[in-house]
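The block underneath contains the structure these notes are about, expressed in structure tokens.
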Amino acid sequence: MKKFNIIFNLVIVGLFCFVPDLSALNTANAIGSNTVYALSAEEQYTAAGGGSYDVWGMVDYQYGLHVDPTCTVNLGLADPIRGGSIRLDAGAKIGLLSDLHIGSSVDIEIGSASGATAYITGTGNSIICHGDLTIPANRKIRFLGHTTIDMQGNELHLEDGAQLIVTTSLSNLTIKNAVVSNLKGGSYYKNGGGIAVKSNVSSITLDDVILDLGSTYSFDYGNLNIYNEVRVRGEGKMFAFASRLFHPYLTTFYQGVLQIQKNSTLMFDVGTTFKYQQPAEYLFYSGAWILDLSQRKLVMIDKSSRLYFNNCKVQIPVDTIQLYFDSAGGVSWSTPKDVGGMVLTNGTVIFNNRVILECLKADGSVPDLWTFSFPAFPTVPYYPVFQWGDGSDAHEDVDIEVLSGTKIETSGRIYGCNTD
């Protein structure tokens, strides 16, 4: 038996080739390789070794890695990056060949100057953080393709000016199991928001996330998806869903969607303000009634989709603006009209404690109801209001839950239009 154990151990050892790290320079490991590297110093990746490196399997970064500006390192590691820092020079690129685990003591450094940007190509994989993670001040990470940051219940802190940006069109950044702190700015990347998109057809997904606002954060570009429970916190702070649909002959137009998925809740917590401002500048475009669509950009999938207001304020500003009513030549409406409001359908709205609902014009006055008509569409009414249900079908009705002791204060036009 002893002889068998010795032979067996020799066979196991022989399956792998242990390579000691001497130079800590440009270590690569081909995809599918069984070679094991134990890197006992910070690994340096430079253009001198070709500039692009696949690092697969059992490569143990004990002291982190440093990627030069022109280099790409594609990581498919079996174990977490255990220690040190992930130092990415401005322009450095990381590709995810599989999920990347980051140890609890590992931090990220990006470039040496304000505005430095690094790149991560997700290809559907996740960055899994086993401790808190801070994105340094005035630094940017641009994500190419679909990527998930799973914080495992830890804090993702955005220092002032830090940005996580979805760069490619039709791509998505998912943040899950996280407390995101110091979030502010706008979701359009030029507006400096901590979580942002470059393309108006890209999206951000929040899955079991607490957003601790640093100041106002405005989701003003792209799409926002809510899964499980997302809670917005920050007394005296505002979360705005406030993009704008412009006439196509004036400027680029687009309005994203804020969508609460099935069995999911978006909660605005104590002392916060939720602002919904999605006015359009024209009535009809490319077969769609844009004014109507702009009121319906907060989408709830079914009754298990919940919008929860807890001791907070809801603002739905109404703008008085010049309207356009067709897409050929920019024909304008005769006089400015009151435009705005929000129509909710399908889901469940919950009120708890004191909730203030406002649907007013900028001067504090109540918006006007009005009608428009032209030959194909005579006498169409328009209601710049906060409304639940649209009277069209019982399936479109909204369940309203007012918890015990709740006080709802309303200003402006508030309409209930359920079928029952």
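Classification of Arg231 and Asp269 as a salt-bridged pair holds, one side-chain N sitting under 4.0 Å from a carboxylate O. Look at Arg306 and Glu401 and you find no salt bridge, because none of the NZ, NE, NH1 or NH2 atoms lies under 4.0 Å from a carboxylate O. Using a cut-off of 4.0 Å between Lys/Arg side-chain N and Asp/Glu carboxylate O, Lys237 and Asp212 are scored as not salt-bridged.
Geometrically, Lys184 does not engage Tyr217 in a cation-pi contact defined by less than 6.0 Å to the ring centre and at most 45° from the axis.
Considering CG of Leu133 and CD1 of Ile86, their distance stands at 8.0 Å, rounded to 0.5 Å. To the nearest 0.5 Å, atom CD1 of residue Ile141 and atom CG of residue Leu88 are 7.0 Å apart.
Side-chain atoms of Asn310 and Asn353 include a donor-acceptor pair closer than 3.5 Å. Counted by atom type alone, Glu155 and Ser181 present one or more donor-acceptor pairs between their side chains at under 3.5 Å. Under 3.5 Å, the side chains of Ser85 and Asp107 contain a donor-acceptor pair of N or O atoms. Between the side chains of Glu159 and Thr134, no donor N or O sits under 3.5 Å from an acceptor N or O. No side-chain donor from either of Ser126 and Asp150 sits under 3.5 Å from a side-chain acceptor of the other. Looking only at atom types and distance, the side chain of Tyr53 has a donor-acceptor partner in the side chain of Asn26 under 3.5 Å away. Side-chain contact annotation: Tyr308 with Asn352, donor-acceptor N/O pair under 3.5 Å present.
Between Phe372 and Trp289, the gap from one ring centroid to the other is short of 6.0 Å.
Shown here for Leu211 and Leu206, the closest heavy-atom pair between the two residues is CD1-CD1, 3.8 Å.
Ring geometry, Phe241 versus Phe219: the interplanar angle falls from 30° to 60°, so the pair is classed tilted.
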